[in-house]
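In each ligand, atom 1 is the first atom listed, and ligand 1 is the first ligand listed.
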Amino acid sequence: MTNVSKRPRRLRASQVIRDLIADVTVGPNDFVAPLFIKQNAVSPVEIRSMPGIYQHTLESLLKEADRLFSFGVRSFMIFGIPTHKDPLGSQAYARDGITQVAISTLKQHFGGSVVVMADLCLDEFTDHGHCGILDKNGYVDNDATLELYGEMALAQAGAGVDFVGPSGMMDSQVGAIRNTLDNSGFKEVGIIAYSVKYASSYYGPFRDAVDVCIADGGDRKTYQQDFKNSKDAIVEVELDITEGADIVMVKPAGAYLDVLARIRDRVDVPIAAYQVSGEYSMIKAANALGYLDGNAVALEQLYAIKRAGADLILSYFAHELPELLGNSL
Ligand code: PBG
């Protein structure tokens, strides 16, 4: 034995030294806050399985966006909930569809001081609840759906969106949307691609949030990824970058940090991670039962997502950053 003592504990001895050597940070600039807007709503409605998160009216949407802005969250992801759903999801690309109205309302209010993103997918707008339209045998028709995604991108771009977020997992969706935008004079509109999106039970509470029920007890396993496969995540990311994605996303976050870290090693485009509804609800429920300290667990999860390599995080906890970050905000 030598008498040289290597003691990692020296670096943990006080808050000051821990803060000094910390190499992962979480702050308001890292967040995109999801916002739900419900057409014709007369008052905001709290989502049963997501305490603290609301289906907004236009008025309460602006109020919440102002509140987020006041503590530094300046990016939003809009999810529209229409009153009318049909097989082709026509409200998704109607010029006066609820998502479009929300985008233009936010842009008129904030101008360039915020980034407005919008979910680009048909499931909130179709009566069968699938992310695309169905062929005569009831299967999702990939290529016919791409045309409608193009229409949706144009409607959102026309309303002033900064980034569209294709989340339907149709093959070639990023390329199709990029082409459509470019050919219609919307070269400046970006794409935040839900590139790696697993068919996940963590999306359960989100379906309450957007009033979606998949017809006949169906699921999305034929178009979203299988969590038993790790390699197709890389294929999906590389395809989306080739097709023109500006930002790629991994979703859900917490159970897929290995995938996030692998992608971080491979690509240099910005990577987003989506801490989804079920991840939020689990922490909220356990906190309400007194089983753990919800704020502390939430923060630990958010740091883990950053540590694994995410540059930005979509999270419902964006709405409570002052409570989570306290003095470090
Ligand atoms: C599709 C979409 C979903 C989510 C975001 N975009 C649902 C799905 O794919 O079934 C889930 C987000 C969450 O659970 O917080 N429009």
Per-ligand residue contacts, ligand 1, heavy-atom threshold under 4.0 Å: F79, D119, C121, D123, E124, S167, K197, Y203, F206, R207, R220, Q224, K251, Y274, V276, S277, Y316
How many angstroms lie between CG in D265 and CD1 in I234, if you round to the nearest 0.5 Å? 9.0 Å
Salt bridge check, K197 against E236: does any charged N sit closer than 4.0 Å to a carboxylate O? no
Would you mind telling me which of I247, L120, V164 makes a side chain to side chain contact (heavy atoms under 4.5 Å, CB included) with I191? V164
Any chance you could measure H128, atom NE2, to C213, atom SG, to the nearest 0.5 Å? 12.5 Å
To the nearest 0.5 angstrom, please state how far the OH atom of Y274 sits from the CZ atom of F206. 5.5 Å
Using 0.5 Å steps for rounding, measure from the CD1 atom of I103 to the CZ atom of F76. 13.0 Å
